[in-house]
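Per chain, numbering begins at 1; letters A, B, ... match sequence-line order. Values below: every heavy atom of this structure, side chains too, minus hydrogens, waters and symmetry copies.
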There are 2 protein chains.
Amino acid sequence: MSETELFRALADPTRRAVFERLADGEMNATELRQGFEMSQPAMSQHLAVLRGAGLIAEQKLGRNVLYRINPAGVAQMHTWLSRYNAFWPKRIDELKKLLREMDQ
Amino acid sequence: MSETELFRALADPTRRAVFERLADGEMNATELRQGFEMSQPAMSQHLAVLRGAGLIAEQKLGRNVLYRINPAGVAQMHTWLSRYNAFWPKRIDELKKLLREMDQ
DNA sequence: GAATCACATAAGTGTATGCTTATGTATTAG
DNA sequence: CTAATACATAAGCATACACTTATGTGATTC
């Protein structure tokens, strides 16, 4: 899981939209394809890139493969981005607000 | 400032390293080039991509151009990533810790 | 004012990449 | 058991992109 792979995986708008779809929950490739004007092999390629980057994980159930977001990939991006927290002055108020919501 | 441009700008390892250098503070292109085996036009191109993506801002001082990190670009990435906070279970503890440190 | 410096832009090149059609393998349904 | 389904892989193509050398413009130095 390299940072380059992370960013490259998300740099393509189609592939990023696929990743964003998985935020709604685990899906197989056919479900993921709904709503996209895309061939089946294209989707397969995108999923391979996302998997290679560590952003998604798969689970084979017979001929079906279920894909879901891999928390480790998300965490890695968070870690990278956290270096730049000093450039984000509004974070204190927003984090406090977030924590308030979480504690409810 | 599109998300695609953001991710694409950071997807190249050289360019990401340039961006990471700017976290240390404002620099001109020649300073930025130190430590990189890179031609001057290559650096110019990278800076143009980062600027186009909204990740850096520039300030011209005569023939010198100073580059610095643009907080808005960082914030935009934060916003995108925050959609995936649900996949990051350790965040509550770490955020509380961060806030504690901030309040000191 | 000439020379030097700092940077942007142009043009070219080799490699990578997002798409396609074609094909293959494994699983499931009837 | 055959046909259909689900998905991965192969191969090809057009476009994008990170690099280079070459060049140009503007600012600074001497």
Side-chain angles (χ1 to χ4, degrees), chain A residues 1-22 24-70 73, chain B residues 1-22 24-70 73:
Chain A
M1 293 201 287
S2 73
E3 284 166 1
T4 297
E5 281 181 288
L6 280 176
F7 288 114
R8 225 178 263 291
L10 297 168
D12 177 73
T14 307
R15 191 152 60 231
R16 193 170 64 252
V18 171
F19 179 77
E20 287 168 351
R21 278 279 289 281
L22 283 172
D24 297 335
E26 198 171 54
M27 280 184 228
N28 65 24
T30 305
E31 291 171 296
L32 272 170
R33 235 175 109 219
Q34 275 153 16
F36 287 100
E37 298 269 357
M38 190 189 332
S39 65
Q40 176 267 317
M43 176 58 86
S44 210
Q45 275 184 17
H46 283 314
L47 293 169
V49 172
L50 288 166
R51 183 178 58 239
L55 283 163
I56 63 173
E58 68 181 30
Q59 177 183 14
K60 292 186 183 174
L61 297 176
R63 68 188 181 185
N64 274 287
V65 186
L66 290 183
Y67 295 95
R68 64 179 186 278
I69 281 181
N70 177 18
Chain B
M1 290 201 288
S2 73
E3 284 166 1
T4 296
E5 282 181 287
L6 280 176
F7 288 113
R8 226 179 262 291
L10 296 168
D12 177 73
T14 306
R15 189 151 62 231
R16 195 172 63 254
V18 170
F19 180 76
E20 287 167 350
R21 277 278 291 280
L22 283 172
D24 297 335
E26 199 170 53
M27 280 183 226
N28 67 24
T30 306
E31 289 170 298
L32 272 171
R33 236 175 106 219
Q34 274 154 17
F36 288 101
E37 299 269 356
M38 189 191 327
S39 66
Q40 176 267 317
M43 176 59 87
S44 210
Q45 275 186 19
H46 284 312
L47 292 169
V49 173
L50 288 166
R51 184 178 59 238
L55 282 162
I56 61 172
E58 68 181 29
Q59 178 184 9
K60 292 186 183 177
L61 295 177
R63 69 188 181 186
N64 274 286
V65 186
L66 290 183
Y67 295 95
R68 65 180 184 275
I69 281 181
N70 175 20

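- The nearest heavy atom of DNA chain C to A:R8 and to A:M38 marks one nucleotide each, and the one closer to the 5' end goes with A:R8.
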Practice prompt. With side-chain contact (heavy atoms from CB on, under 4.5 Å) as the test, would you mind laying out the steps for B:E3 and A:E20 before giving the verdict?
Written response: CA-CA 12 Å; B:E3 284 166 1; A:E20 287 168 351; 3.9 Å; yes
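- In this structure, A:S44 reaches the bases: a heavy-atom distance under 4.0 Å links it to at least one base atom across the strands shown.
- Nucleotide D:dA3 holds its P atom 16 Å from the CZ atom of A:R63, rounded to whole Å.
- Heavy-atom nearest nucleotides on DNA chain D were determined for A:Y67 and for A:Q45, and the one closer to the 5' end corresponds to A:Y67.
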Discussion item. Apply side-chain contact (heavy atoms from CB on, under 4.5 Å) to residues B:R68 and B:Q59 and explain how you reach the verdict.
Written reply: CA-CA 8 Å; B:R68 65 180 184 275; B:Q59 178 184 9; 4.1 Å; yes
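- Contact annotation: B:T30 side-chain N/O to C:dC5 OP1/OP2 distance is not under 4.0 Å.
- Panel note: side chain A:R15, backbone A:H46; no donor-acceptor pair is recorded below 3.5 Å.
- Residue A:H46 has its side chain nearest to C:dG18 when only C:dG18, C:dT4, D:dA6 are considered.
- In this structure, B:M27 places its CE atom 17 Å from C1' of C:dC7, rounding to the nearest Å.
- Of the listed nucleotides (D:dC19, D:dA8, C:dC19), D:dC19 has the atom at the smallest distance from the side chain of B:T14.
- Nucleotide D:dT28 holds its P atom 13 Å from the NZ atom of B:K60, rounded to whole Å.
- Put simply, CG on A:L61 is 12 Å from P on C:dT27, counting in whole angstrom units.
- Applying the 4.0 Å criterion to OP1 and OP2 of D:dT20, one finds that B:S39 has a side-chain N or O inside that range.
- Among the heavy atoms of the strands, none lies under 4.0 Å from A:R33.
- Within the 4.5 Å cutoff, the side chain of A:V65 has no heavy atoms near those of the A:N28 side chain.
- In this structure, the CG atom of B:N64 is 14 Å from the C1' atom of C:dA8, given to the nearest Å.
- As rounded to whole Å, 10 Å separates atom P of D:dC19 from atom CZ of B:F36.
- With hydrogens and angles left out, the side chain of A:Q40 and the base of D:dA8 share a donor-acceptor pair within 3.5 Å.
- Among the heavy atoms of the strands lying under 4.0 Å from B:A42 is at least one base atom, whether or not backbone atoms are also near.
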Fill in: Intermediate values then yes/no, side-chain contact (heavy atoms from CB on, under 4.5 Å), A:L47 and A:L32
CA-CA 10 Å; A:L47 293 169; A:L32 272 170; 3.7 Å; yes
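- Computed from coordinates, the A:E37 CD to C:dT20 P distance equals 9 Å when rounded to whole Å.
- A:R15 has its CZ atom 8 Å from the C1' atom of C:dG18, to the nearest Å.
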